[in-house]
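Protein chains get the first letters and strands the later ones, always in sequence-line order, with residue 1 at the start of each.
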Protein chains: 2
Amino acid sequence: MTITIRDVARLAEVSTATVSRVFASDTAVRPETARRVREAARQLGYVPNTLARSLRQQSSATWALIIADIENPFLTQVTRGIEDIAQSEGYSLLLCNTDERPDKEASYLSIAEQFRVSGVLITPTSPTSPVDRLLARGLPVITMDRPLRQDLAVDTVLIDSRRAARAAVDRLITRGHRRIACITGPRRVFTAGERVLGYREALHEAGLPLHESLIRYADFNEQGGHLAAVELLDGTDAGPVEAILVANSMMAVGVLQVLRDRQLRPSIDVEIVVFDDAPWTSLLTPAISVIHQPAYELGQVAGKLLLERLQTPGQPARTVMLNATLPAENTDEDHPPADGLASSHLRHPKPDFQPRRSRARS
Amino acid sequence: MTITIRDVARLAEVSTATVSRVFASDTAVRPETARRVREAARQLGYVPNTLARSLRQQSSATWALIIADIENPFLTQVTRGIEDIAQSEGYSLLLCNTDERPDKEASYLSIAEQFRVSGVLITPTSPTSPVDRLLARGLPVITMDRPLRQDLAVDTVLIDSRRAARAAVDRLITRGHRRIACITGPRRVFTAGERVLGYREALHEAGLPLHESLIRYADFNEQGGHLAAVELLDGTDAGPVEAILVANSMMAVGVLQVLRDRQLRPSIDVEIVVFDDAPWTSLLTPAISVIHQPAYELGQVAGKLLLERLQTPGQPARTVMLNATLPAENTDEDHPPADGLASSHLRHPKPDFQPRRSRARS
DNA sequence: AAGCCGACTGTAAACGATTACATAAAACCT
DNA sequence: AGGTTTTATGTAATCGTTTACAGTCGGCTT
């Protein structure tokens, strides 16, 4: 039915080995022979069977991309960064959406193993995600945005969101706010905790009291933000809220809806700082503060780390920490400068890529 | 090195055939034997090699998902719909991002062929995308959001955006607007053209003059919207613009930025209708009109069509047309009802799924 | 001229599963 | 009891490549 290497060999009057060599181009083949083979392949419309090749070679040119939520713009940008690297190096991506569910994650980890992918890129649902089997098999694992157990030999790419959160809250304090709230993601998610930590640190350093009731763990989506904001504005046992740190842009939509419904003006009645510079945040007037996370860059770095590990296996695990940035304060209070295109157009800046060794392999 | 079916067979003291049967569970195996096999597999940590299985079975439980832009929220939702179906039926997804580039698309089509995927879901960059080879091979192809050449035997899922565009412009006319502009996507993209068609139809039916200068073909992103809006508001040879139909939410961000920069209030100074109900659109006051496209549903329907075709091949190609909806006009002019959660939370409504046969196979 | 080397090419054994076919044992029927 | 089906399992070929190993052949060295 389908054209195989054997058919090509027959037509070109060579052996299958030669045909294979022409395409894999590892060993020398006489130019004239190569030409004949190529011509035969073209004539027959031969397409090599990747499955057979991978079976023989014991690994497929495929990476498993295991991410929490393909609808999250942050992860979408990460995906894009990975895809660009993978594509340029001839790797394909197996897309695995875990929905933050450990069971789906486990199932996909197993699938990655079954497919004999040559590497796994993951945003784990928890630090104890079951990647051990993959590592035992010698499969490179890169964890992104969230760390895995310290004793595992996996490369890690993180964004220092704790520091960014602290800087953001610092600024809120400097501006004179005292009742500052924090709406973050689910307890179980690493970055959610980090952002709270930064929040705590800033308050602590400024010697301000810490009201637990001002910290809200919510689902990392619009509805989560909505519910948390309602609770925050209703439950006034710590007095009225003056500012809110929101841990991602999807939650920010929910939060801003609640403010609008209650006739509270963002930035004026309640100051808002939000993680992720979603394009639409540039529309609000007065502008709210956004914390830029280098998502595309994160993906690219992860891809590069994986490439390096595939090339030279066995080296110690590395951790790359990227910076989230809080743009300089806007002095023009009401109307941000009409500078043509907003900075959000510079979508894919060049990464300041400097892997540094951090921990020895286990 | 790795554990194979042979190792399991040896430990369980059966043949490899029996082990295979236990896992594929096609033929009967004595319960006691099955138990022994499973135990042996567990003990050895056996993971079946999907590559070998696929090679033998001549097809892998994988779908190729070839989409234009993974960062486009619309396509992201489509992806999600597909992923849910695929995952529940045991298929994995090969993620292919074409970036609207025909060369990347062609390359990925070839990769899909090499991987011997069992189906292809695609948002083609043009009606003449080279899917012929796949079809010749008997591979099911489902095209989404954009049609392929009429003579090809592919299932199609579309959204009737022409009708939605017409309805939207109708409404703008009813409200008394005359200088209505349209910012759409690149000429080459089907949906971009459809939306202009709807726009034209509405003007034509109302007997209004059609100014070509009010139609702008832009890139389907923020920057595209920005540039188009600038041109539209500068180039006033048709007089000041009263309303704009914007063909997707990413462009809308750019458009709204320009309005803000020029101190023009959306909905009041310039009325805006935008395709795609991105969550953030609910934040604007007064609210702008949004056209809801059933993206998640589109993905689900595409997945189901593919499933059906895999089960019963050879049936004639089908086309499913989904409706984009323009919510009923909001009578409360300035402040939309604070009804708790906005409707945008109902993210994944049940589809009104009714495939209808439309064209015979080629 | 014999020996050696390098460049090409072919033969055939993997890779790890599935499955057509064969066979043995058990169950059923009359 | 003898024949016939059914059930459970084994044997071995097969999927389409890659690749170790073994030639072959001409040119070069001594």
Search all heavy atoms of [X] against all heavy atoms of [Y] and return the closest pair with its distance.
X	Y	value
B/Thr62	B/Tyr91	N-CD2, 3.9 Å
A/Leu305	A/Thr156	CD1-O, 4.2 Å
A/Val8	A/Ala41	CG1-N, 4.0 Å

Between [X] ([atom1]) and [N] ([atom2]), how many Å, whole number?
X	N	atom1	atom2	answer
B/Asp7	C/dG16	CG	P	9 Å
A/Leu44	D/dG16	CG	C1'	15 Å
B/Glu113	D/dT17	CD	P	12 Å
B/Ile3	C/dC15	CD1	P	13 Å
B/Arg6	C/dA14	CZ	P	10 Å

Report task. Could I get the full list of side-chain hydrogen bond (donor to acceptor under 3.5 Å, both in side chains) partners for B/Thr18, not counting sequence neighbours? Result -> B/Ser15

**Report entry** B/Tyr46 and B/Phe23 aromatic centres sub-6.0 Å
**Finding:** yes

Query raised in the report: For the helix from C/dA1-D/dT30 to C/dT30-D/dA1, how many degrees between its two end axes (five pairs per end), to the nearest 10°?
Result: 40°

Using a strict threshold of under 4.0 Å (side-chain N to carboxylate O), is an ion pair present between [Y] and [X]?
X	Y	value
B/Glu39	B/Arg36	no
A/Glu297	A/Lys304	no
A/Arg146	A/Glu100	yes

Requested in this report: Looking at every strand, decide which applies to B/Tyr46 at a 4.0 Å heavy-atom threshold: base, sugar-phosphate, or nothing.
Outcome: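 It contacts sugar-phosphate atoms only.
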
Query raised in the report: Taking OP1 and OP2 of C/dT18, is either one under 4.0 Å from a side-chain nitrogen or oxygen of B/Ser20?
Result: yes

Requested in this report: Mark up nucleotides 22-29 of chain C, 5' to 3', with B wherever a protein heavy atom is under 4.0 angstrom from a base atom, S wherever such an atom reaches only the sugar-phosphate, and - elsewhere.
Outcome: --------

Query raised in the report: Is there a residue in residues 49-59 of chain B whose heavy atoms reach under 4.0 Å of DNA chain D, and which residues are they?
Result: B/Leu55, B/Arg56, B/Gln58

Report task. Please identify each residue that fulfils salt bridge (charged side-chain N to carboxylate O under 4.0 Å, His left out) with B/Arg30, with sequence neighbours left out. Result ->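 Not a single residue meets the salt bridge (charged side-chain N to carboxylate O under 4.0 Å, His left out) criterion with B/Arg30.
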
Distances for protein N/O vs nucleotides 7-10 of chain D N/O pairs under 3.5 angstrom?
{"from": "D/dT9", "atom 1": "OP1", "to": "B/Arg30", "atom 2": "NE", "distance (Å)": "3.2"}
{"from": "D/dT9", "atom 1": "OP1", "to": "B/Arg30", "atom 2": "NH2", "distance (Å)": "3.4"}
{"from": "D/dT9", "atom 1": "OP1", "to": "B/Thr33", "atom 2": "OG1", "distance (Å)": "2.3"}
{"from": "D/dT9", "atom 1": "OP2", "to": "B/Arg30", "atom 2": "N", "distance (Å)": "2.8"}
{"from": "D/dG10", "atom 1": "OP2", "to": "B/Ser15", "atom 2": "N", "distance (Å)": "2.7"}
{"from": "D/dG10", "atom 1": "OP2", "to": "B/Ser15", "atom 2": "OG", "distance (Å)": "3.0"}
{"from": "D/dG10", "atom 1": "OP2", "to": "B/Thr18", "atom 2": "OG1", "distance (Å)": "2.6"}
{"from": "D/dG10", "atom 1": "N7", "to": "B/Arg21", "atom 2": "NH2", "distance (Å)": "2.7"}
{"from": "D/dG10", "atom 1": "O6", "to": "B/Arg21", "atom 2": "NH1", "distance (Å)": "3.4"}

